[in-house]
Amino acid sequence: MGSTIGLLASFAALICGLLFFVCAVKYYASILIALATLGKEKQGDSEEKGEGMDDWRDTPLVSIHLPFYNEANVARRVIQACLAQDYPNLEVLVADDSRDDTIEILKDPGWRRRPPVVKFIHRRDRSGFKGGALSEALRFMDPRAEFVVVFDADFIPPPDTVRKFIRKFREEDPTLLGTDFLPDLQQVASLRKPVAAVQGYQLHYLNKSENWVTRGIRAEFSGSYMVERVAEERLGAMKMISGSVFMLRADVLRELKWGKSITEDWELTIRLYREGYRVSYTPLIQAPAEMPTTIRALAKQRMRWAEGHTHAVRRHFLGVLGSAKLTAAEKLEFLYFAPYYLQSVMLLAGTAFWLLAEVNHRYPWFWQPAFGWSLLLSNLLATPLMCLAGLWLEGDLRSDYQGAFSLVALTYILAPFQGYAALRGLLEREEGGWVRTLKTGSVTDMFLSLRLRGLLRWLTLGGRLSRFSPVFDLPAINLPVRALLAATSLILLMLPPATALALVIHA
Amino acid sequence: MTRCYTINEKSVYIYATAGDSLIDLHAIPAGIGLFSAEVPWRLSPWVAVSEEAPEEGLRVVEMLLKAEGYRKVEADRVALEDYFVRGDERVLPVQAPVIEESVPLHQWTLDDRPSAQARQTLRRPSRRRRVPKPTPLPRAS
């Protein structure tokens with residue numbers, strides 16, 4: 001009996017382990033790509049050299065949309081941050097579903113005393129959830145608006161955020177803003193798919209020192225935004241709009257409109273790609289935000305994401321894969337995205353089955369324990385290493401490295417919740433309701449300035465615009481750390497196949 | 001036209017033009033249900049719109065607006081919506097027909113004064129701060 005269980009556990013561990021290893025390969029490759037492409041510019045290349053790009057002929061109207069739901073703790077600070085933008089042609093639109101004191105904050109006559117224009121739209125119900133609120137904002141947006149920026153209530157966008165978004169749009173598609181500079185860029189842009197949105201970096205930072213949960217989330221987002229998405233951008237893969245800190249073309253949004261999914265951002269992303277548009281990503285546009293502080297709050301948030309994400313994948317799966325408007329790289333990335341919230345389940349199940357097999361000492365004839373352990377080690381360290389690389393690229397490795405260990409614990413704790421929600425999203429006819437993530441307004445760490453290591457080559461069409469690199473305010477890059485991270489990634493990436501090969505040769 | 005309001009079915013549009021400031025919504029008592037959580041409403045620097053307002057609430061807010069010097073005018077809903085969205089007062093009718101001139105508070109007759117219930121609602125600290133103390137009413141001869 002024990003031997004049968006052991007054997008079955010071995011097979012299950014092998015299947016789960018190999019499935020997760022496919023994801024781990026992507027993570028290790030992303031680390032190598034990010035380390036190879038970021039941070040190679042020399043010190044002294046400054047953003048000021050790129051300021052000429054701001055001499056645009058016109059400043060298109062930008063409409064900032066802020067969806068609120070009981071945000072009394074943070075409402076005032078995000079509105080103030082939007083009003084403090086240094087871009088001259090703005091309107092701010094608050095789409096409010098609140099039932100608490102947020103309403104009194106919105107009524108404050110102080111918002112009306114000076115430009116930019118602030119409009120408040122209060123709904124008495126939450127129909128369509130965040131997508132419904134954003135639809136209302138779209139309805140009452142100034143029709144002259146050419147771009148829409150969305151921030152969640154717990155974000156504090158720095159004053160230059162909108163200006164940077166506009167600059168990025170110009171780089172991606174100079175024709176879009178009626179500019180006639182850099183004709184070579186126009187030619188390049190015309191060969192690419194039109195960009196409909198630019199996603200910035202959701203810098204989950206403000207309360208990172210609050211507890212081990214926030215440290216783990218901080219590290220997770222660092223790995224995702226500094227490594228994974230950088231690689232996706234580099235490879236021309238599909239990129240997600242992530243709910244906040246993004247700019248959309250208003251004409252495209254008017255055409256496609258917001259959906260009513262509980263993950264309206266992901267659903268819109270899929271529809272954008274299906275219509276032949278693409279999403280661009282830059283880590284250079286950052287807006288700090290706060291994070292959930294408890295396992296309970298985090299689990300609720302991730303369950304919503306998992307359910308909505310998987311439900312949208314189910315609805316659009318065949319449409320995306322059959323579409324002629326997506327490139328092969330975009331379709332491949334979509335296939336990676338599809339089981340995104342089942343990855344941790346595979347890791348958890350793979351680990352558990354492998355330990356069960358080890359206890360019973362039963363393996364398939366073609367398999368040696370060394371291979372199982374190498375697979376487990378490689379899978380287990382993929383995301384923490386990606387986070388460490390992200391933190392290092394941000395210059396925060398020394399202060400935030402503990403977050404990578406927290407993340408391992410969070411991955412195992414959240415796996416059952418995410419797995420359950422993902423399966424529900426896969427099987428249910430209609431999505432469940434929106435579960436709100438409480439924002440406390442707690443700030444433990446002030447975000448003072450952009451502290452990225454030099455990193456613009458990848459962003460600027462193969463170095464063509466490297467003169468527009470940002471300010472680097474850190475000491476010269478510490479090469480051994482880069483080399484160490486790259487070598488570790490390479491070793492862990494090659495470990496399972498190398499072990500398998502060695503075992504085959506030995507046999 | 002500087003400070004006006006228009007009632008269109010169950011919606012009330014309160015708006016100001018030519019640099020005039022809009023009424024502070026804190027001055028409108030939450031109890032009348034015009035700008036509360038339970039009804040849809042909107043606010044821009046120039047227009048405040050409450051939709052599906054209760055009838056009693058409309059009556060009270062009319063009295064309040066008159067006291068603040070607002071005139072009731074007839075205006076096209078589409079134009080008002082356009083004014084809310086764009087803030088361009090040229091979309092408003094140049095000479096909107098005035099339905100009812102506002103009656104400054106000190107000219108109220110006994111019959112015009114708010115009902116006891118409305119007075120109760122209006123008796124809020126923010127209201128007391130904003131509205132000048134009325135001069136004594138002339139005795140009815």
Side-chain angles (χ1 to χ4, degrees), chain A residues 61 63-66 68-72 75 79 83 89-128 132-133 135-146 148 250 254, chain B residues 3 10-17 19-54 57 61 64 68 77-91 124-127 129-130:
Chain A
L61 177 61
S63 187
I64 300 180
H65 295 182
L66 307 174
F68 279 9
Y69 178 54
N70 294 345
E71 314 289 4
I79 297 173
L83 295 181
N89 198 11
L90 271 183
E91 72 165 5
V92 179
L93 242 151
V94 178
D96 175 59
D97 292 346
S98 300
R99 294 289 174 275
D100 67 353
D101 290 343
T102 309
I103 291 174
E104 297 309 313
I105 295 171
L106 307 189
K107 287 179 183 175
D108 187 344
W111 302 128
R112 295 182 248 144
R113 287 197 186 117
R114 62 185 175 88
V117 166
V118 191
K119 296 177 194 164
F120 301 101
I121 299 152
H122 173 77
R123 303 195 305 164
R124 71 171 156 206
D125 56 36
R126 298 209 70 209
S127 59
S135 297
E136 282 293 282
L138 193 62
R139 188 176 149 209
F140 295 109
M141 176 177 77
D142 191 316
R144 295 164 291 191
E146 293 181 46
V148 173
R254 284 190 196 101
Chain B
R3 306 175 91 194
K10 281 188 161 184
S11 300
V12 58
Y13 293 81
I14 306 165
Y15 45 105
T17 59
D20 235 332
S21 62
L22 198 61
I23 188 169
D24 179 359
L25 291 191
H26 286 120
I28 299 177
I32 66 172
L34 257 68
F35 294 94
S36 63
E38 287 73 31
V39 294
W41 54 266
R42 288 175 275 135
L43 176 64
S44 77
W46 328 277
V47 188
V49 190
S50 176
E51 296 170 59
E52 300 172 37
V61 84
L64 184 66
E68 292 276 348
R77 187 182 189 127
V78 176
L80 291 173
E81 288 293 341
D82 204 19
Y83 186 45
F84 176 84
V85 167
R86 289 169 177 264
D88 182 358
E89 56 191 61
R90 287 173 299 181
V91 301
R124 290 169 60 88
S126 57
R127 169 81 182 132
R129 277 201 306 276
R130 289 186 56 80

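These numbers come from the heavy atoms of this one structure, side chains and all, not from hydrogens, waters or symmetry mates. Just so we're on the same page: letters track the sequence lines, and every chain starts at 1.
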Provide the closest heavy-atom pair for [X] versus [Y] in the form atom of the first, atom of the second, distance.
X	Y	answer
Asp142(A)	Val85(B)	CA-CG1, 3.7 Å
Ser98(A)	Ala37(B)	O-CB, 3.9 Å
Ile103(A)	Phe35(B)	CG2-O, 4.2 Å

N/O donor-acceptor pair under 3.5 Å between [X] side chain and [Y] backbone:
X	Y	result
Arg86(B)	Arg144(A)	no
Lys107(A)	Leu43(B)	no
His26(B)	Glu104(A)	yes

May I ask you to test the Arg42(B)-Phe120(A) pair for a side-chain heavy-atom distance under 4.5 Å? no
Trp46(B) vs Val117(A) side-chain heavy atoms within contact, under 4.5 Å: yes
Taking Lys119(A), Met141(A), His122(A) one by one, which has the highest count of heavy-atom pairs under 4.5 Å against chain B? His122(A)
What part of [X] is in contact with chain A, defined as an atom under 4.5 angstrom from a non-hydrogen atom: side chain, backbone, both or neither?
X	answer
Val39(B)	backbone
Glu51(B)	neither
Ser36(B)	backbone

